[in-house]
Amino acid sequence: MPELPEIETICRGLRSHLAGRRITRVEIFEPRLRHVIDPGLPGFLRGKTIIDVDRRAKYVVIRLENKNIWLFHLGMSGKLIHVSPNMPRQKHDHIVVTLDNLQELRYHDPRRFGLSLATSEPELDHLPQLRDLGLDPFDPSFNGQYLYSFTRGSRRRIRDLLLDQQIIAGIGNIYANEILSRVGVRPTVRSFRLTRETVARIAAMIPTVMNEAIRWCGTSFSDYRDADDKFGEFQNHLRVYDRAGERCRKCASTIKRIAMGNRSAFYCPSCQS
DNA sequence: CGGGCGGCCTGGAGGC
DNA sequence: TGCCTCCAGGCCGCCC
C-alpha cells in the first residue's frame, strides 16, 4: 500500500523516535509474511543500538550499530508504529520490539505481503529486492532524458511504465494516476507515442507530486498510517484517484475509472488526452 | 526479450 | 443477519 511519500513520512517519524535507542527485546508472533522471517532475526536485533532510519524506494532501512541493517517492505497493508507498551496488542501485530526506554516498535500487517530481514551495509545494494531498482525520483540524475530512454520505443502503457520499479523506484498506482492527471496524459497512452517534451513534463512532475504528498504526510486511502499511527492528508488533494463519478476539479467533467490489467486507472476524459 | 496476467493474503464494501 | 463477489496503494513468477 504505502508508496514513496508514505514510506518517507514513516521513516521521518521513526527516525525521531528510534535514533540512539537500544533494542532490548524482540517477539515474533507470526513469521509468515511474504517470506518466512528468519528465526535468527530476534538474536540479530537484541542488544543492538539503532543509529538511523532511512528510505530506499519503498523500503524502510533501519540502520543499526556496526553497519548492520534491519530492512522492511510494508507490502500493501504494513504499518510500522512506535507505541507505548500500554497500548493493547492488535490482531496482525506480527513483530513487537521493546526499546531501552520501554517504548515499543510494532510491525502490523493484515495481508502479510510485507518483508522483514536482517542484512548489512555492504550487502544492501546486492539484495535481489534492491539491486535492480531504478532511480529514486529525488536522485539528481533523474530527469526527462532518463525517462525518455525508457519510453522511447516501448509499447507499454505509460501508467504501467511509471509503476515499473526498475525504471523509477517509489511510484505506486495512486501517484502514477495523479502524476498523469497533472500533465494531461491518459494512463492508457502507449509510451512510444509520447514526445520527448511530454516525457520531460512527466519526469518533472514526478518529484513535484511526491514532495506535495510528503508535505501532507502521505495518502491514507485505507490502511496507511504514519509512525505514530496517524492519518495522512493527501487523500483530500487527489485529483483523479478513487474519484470515479466525481467532477474534475479543473473542468467539472466526470472522472472515469477503467480497468488496466489487474488495477484501476482514473482520469479526466477532457483534461487528459 | 517485452509485456500481460494470476497468485499471494485479509478485510471492508456493496448486492441480494 | 448472513453469504457472496469484488476490490485494494505491491511484488513475483509464469506464460506467450
Side-chain angles (χ1 to χ4, degrees), chain A residues 1-10 29-37 55-60 71-80 90-94 107-117 127-134 149-181 187-193 206 209-210 213-214 216-226 231-245 257-266:
Chain A
M1 82 194 223
E3 309 179 36
L4 186 155
E6 290 75 37
I7 300 300
E8 181 62 32
T9 304
I10 288 167
F29 295 97
E30 174 54 87
R32 293 171 303 164
L33 305 185
R34 165 169 287 282
H35 305 288
V36 175
I37 296 174
R55 180 184 64 77
R56 194 70 154 264
K58 300 178 192 175
Y59 290 82
V60 177
L71 185 72
F72 271 99
H73 190 291
L74 306 190
M76 282 173 73
S77 59
K79 290 201 281 185
L80 261 179
Q90 309 289 309
K91 189 178 181 187
H92 305 303
D93 280 354
H94 305 314
Y107 181 65
H108 173 96
D109 186 0
R111 293 171 69 183
R112 294 192 275 119
F113 283 3
L115 168 98
S116 173
L117 57 86
L127 292 176
Q129 291 87 354
L130 298 191
R131 67 174 178 223
D132 298 323
L133 288 175
S149 72
F150 291 97
T151 59
R152 185 175 43 199
S154 170
R155 287 196 42 78
R156 300 171 79 182
R157 298 175 193 276
I158 184 63
R159 195 284 309 260
D160 293 334
L161 194 131
L162 293 182
L163 288 177
D164 187 338
Q165 303 300 299
Q166 299 191 26
I167 300 177
I168 315 155
I171 301 176
N173 199 30
I174 294 180
Y175 296 108
N177 280 280
E178 291 300 306
I179 289 157
L180 292 172
S181 83
T188 48
V189 173
R190 302 280 173 183
S191 299
F192 72 89
R193 297 201 176 279
I206 293 170
V209 170
M210 296 287 124
I214 291 168
W216 291 106
C217 297
T219 305
S220 286
F221 171 67
S222 55
D223 301 299
Y224 164 72
R225 301 291 184 276
D226 71 9
F231 288 80
E233 291 181 42
F234 195 67
Q235 64 277 14
N236 304 317
H237 303 270
L238 297 172
R239 303 205 181 171
V240 291
Y241 187 82
D242 200 38
R243 296 193 66 239
R257 170 190 179 277
I258 54 167
M260 261 178 74
N262 287 338
R263 233 173 272 259
S264 297
F266 299 86

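Chain letters run A, B, ... following the sequence lines, proteins first and then strands; every chain starts at 1. Only a predicted model underlies this, so the values are computations on that prediction, with no experimental measurement involved. These numbers come from the heavy atoms of this one structure, side chains and all, not from hydrogens, waters or symmetry mates.
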Trainee: Between Leu161(A) and Arg263(A), just flag the one whose closest nucleotide in DNA chain B comes earlier from the 5' side.
Mentor: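 Between the two, 5'-proximity favours Leu161(A).
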Trainee: To the nearest Å, give me how far apart CD (Glu3(A)) and C1' (dG10(C)) are.
Mentor: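 Atom CD in Glu3(A) sits about 9 Å away from atom C1' in dG10(C).
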Trainee: Searching all strands shown, indicate the nucleotide that pairs with dC9(B) (Watson-Crick or G-U wobble; both distances under 3.5 Å).
Mentor: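 The base-pairing partner of dC9(B), which may sit in any strand shown, does not exist here.
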Trainee: Using every non-hydrogen atom in the two residues, find where Pro2(A) and Gly75(A) come nearest and quote the distance to one decimal.
Mentor: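 Heavy atoms of Pro2(A) and Gly75(A) come nearest at CD-O, 3.2 Å.
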Trainee: If I take atom CG in residue Leu162(A) and atom P in nucleotide dC11(C), what distance separates them, rounded to the nearest angstrom?
Mentor: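 Between P of dC11(C) and CG of Leu162(A): 14 Å.
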Trainee: At under 4.0 Å, does any side-chain N or O of His92(A) touch on OP1 or OP2 of dG11(B)?
Mentor: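 Checking dG11(B) against His92(A), a side-chain N or O does come within under 4.0 Å of OP1 or OP2.
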Trainee: Nearest to the side chain of Gln129(A), heavy atoms from C-beta on, is which of dG10(C), dG3(B), dC12(C)?
Mentor: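 It is dC12(C).
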Trainee: Nearest whole Å is fine: how far is dC11(C) P from Asp132(A) CG?
Mentor: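 These atoms are roughly 13 Å apart.
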Trainee: Between dG6(B) and Asn262(A), is there an OP1 or OP2 to side-chain N/O distance shorter than 4.0 Å?
Mentor: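 Looking at the OP1 and OP2 atoms of dG6(B), one of them is under 4.0 Å from a side-chain N or O of Asn262(A).
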Trainee: Can you tell me how far C1' of dC12(C) sits from CG of Leu127(A), to the nearest Å?
Mentor: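 After rounding, the gap between these two atoms is 16 Å.
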Trainee: Under 4.0 Å from OP1 or OP2 of dG10(C): is there any side-chain N or O of Arg34(A) that close?
Mentor: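 The answer is no; no side-chain N or O of Arg34(A) sits under 4.0 Å from OP1 or OP2.
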Trainee: On the nucleotide dA8(C), are OP1 or OP2 found under 4.0 Å from the side-chain N or O atoms that Ser264(A) carries?
Mentor: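 Answer yes for this pair, as a side-chain N or O of Ser264(A) is under 4.0 Å from OP1 or OP2.
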Trainee: For the residue pair Ala265(A) and Met260(A), what are the closest heavy atoms and their distance?
Mentor: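 In terms of heavy atoms, the two residues are closest at CB-SD, 3.6 Å.
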Trainee: Please tell me if Ser77(A) has a side-chain N or O lying less than 4.0 Å from either OP1 or OP2 of dA8(C).
Mentor: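 No, no such contact exists.
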Trainee: Could you tell me the separation between the CD atom of Glu30(A) and the P atom of dC8(B), rounded to a whole number of Å?
Mentor: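 Nearest whole value for this atom pair: 16 Å.
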Trainee: If each of Arg112(A) and Arg190(A) is mapped to the nucleotide of DNA chain B with the nearest heavy atom, which maps nearer the 5' terminus, i.e. the 5' end?
Mentor: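 Nearer the 5' end of the strand: Arg190(A).
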Trainee: In whole angstroms, how far is the P atom of dC9(B) from the CE atom of Met76(A)?
Mentor: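 Computing the Met76(A):CE to dC9(B):P distance gives 14 Å.
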Trainee: Heavy atoms under 4.0 Å, any strand shown: does Tyr241(A) hit a base, just sugar-phosphate, or nothing?
Mentor: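 Result for Tyr241(A) = sugar-phosphate.
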Trainee: Considering only atom P, compute the distance from dG7(B) to dT5(C) and round it to an integer number of Å.
Mentor: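 Roughly 15 Å separates the two P atoms.
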Trainee: Between dA8(C), dG3(B), dG10(C), spot the one nearest the side chain of Phe113(A), thanks.
Mentor: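 Nearest to the side chain of Phe113(A) among the choices is dG10(C).
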Trainee: Is it the case that dA8(C) (base atoms only) and Arg111(A) (side chain only) share a donor and an acceptor within less than 3.5 Å, ignoring hydrogens and angles?
Mentor: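 Under the 3.5 Å cut-off, the side chain and the base do form a donor-acceptor pair.
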Trainee: May I ask you to say what Arg32(A) touches in the nucleic acid, namely base, sugar-phosphate or nothing, with a heavy-atom cut-off under 4.0 Å?
Mentor: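 Touches nothing.
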Trainee: Taking the P atom of each, how far is dG6(B) from dC6(C), in whole Å?
Mentor: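 Result for the P pair: 13 Å, nearest Å.
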Trainee: Ignoring backbone atoms, establish whether Arg159(A) has a side-chain N or O less than 4.0 Å from OP1 or OP2 of dG4(B).
Mentor: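 Checking dG4(B) against Arg159(A), no side-chain N or O comes under 4.0 Å of OP1 or OP2.
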Trainee: Nearest whole Å is fine: how far is dC5(B) C1' from Leu163(A) CG?
Mentor: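 Rounded to the whole Å, the gap is 15 Å.
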Trainee: Does Lys91(A) have a side-chain nitrogen or oxygen under 4.0 Å from the phosphate oxygens OP1 or OP2 of dG11(B)?
Mentor: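 True: Lys91(A) side-chain N/O within range (under 4.0 Å) of dG11(B) OP1/OP2.
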Trainee: For Glu3(A) versus Asn173(A), what's the shortest heavy-atom pair and its separation?
Mentor: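 Scanning both residues completely, I find the closest heavy atoms to be OE2-N, 3.6 Å.
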Trainee: Can Arg225(A) be said to sit on top of Phe231(A)'s aromatic six-ring, NZ or CZ under 6.0 Å from centre and within 45° of the ring axis?
Mentor: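 Yes, cation above the ring, under 6.0 Å and within 45°.
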Trainee: Rounded to the nearest 0.5 Å, what's the gap from CD1 on Ile258(A) to OG1 on Thr188(A)? Could you check?
Mentor: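 Result: 5.0 Å between the selected atoms.
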Trainee: Where does the angle between the aromatic ring planes of Phe234(A) and His237(A) fall among parallel (under 30°), tilted (30 to 60°) and perpendicular (over 60°)?
Mentor: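 Rings of Phe234(A) and His237(A): parallel, as their planes differ by under 30°.
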Trainee: Return the value, rounded to whole Å, for the distance between atom CZ of Arg157(A) and atom C1' of dG3(B).
Mentor: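 In whole Å, dG3(B) C1' and Arg157(A) CZ are 11 Å from each other.
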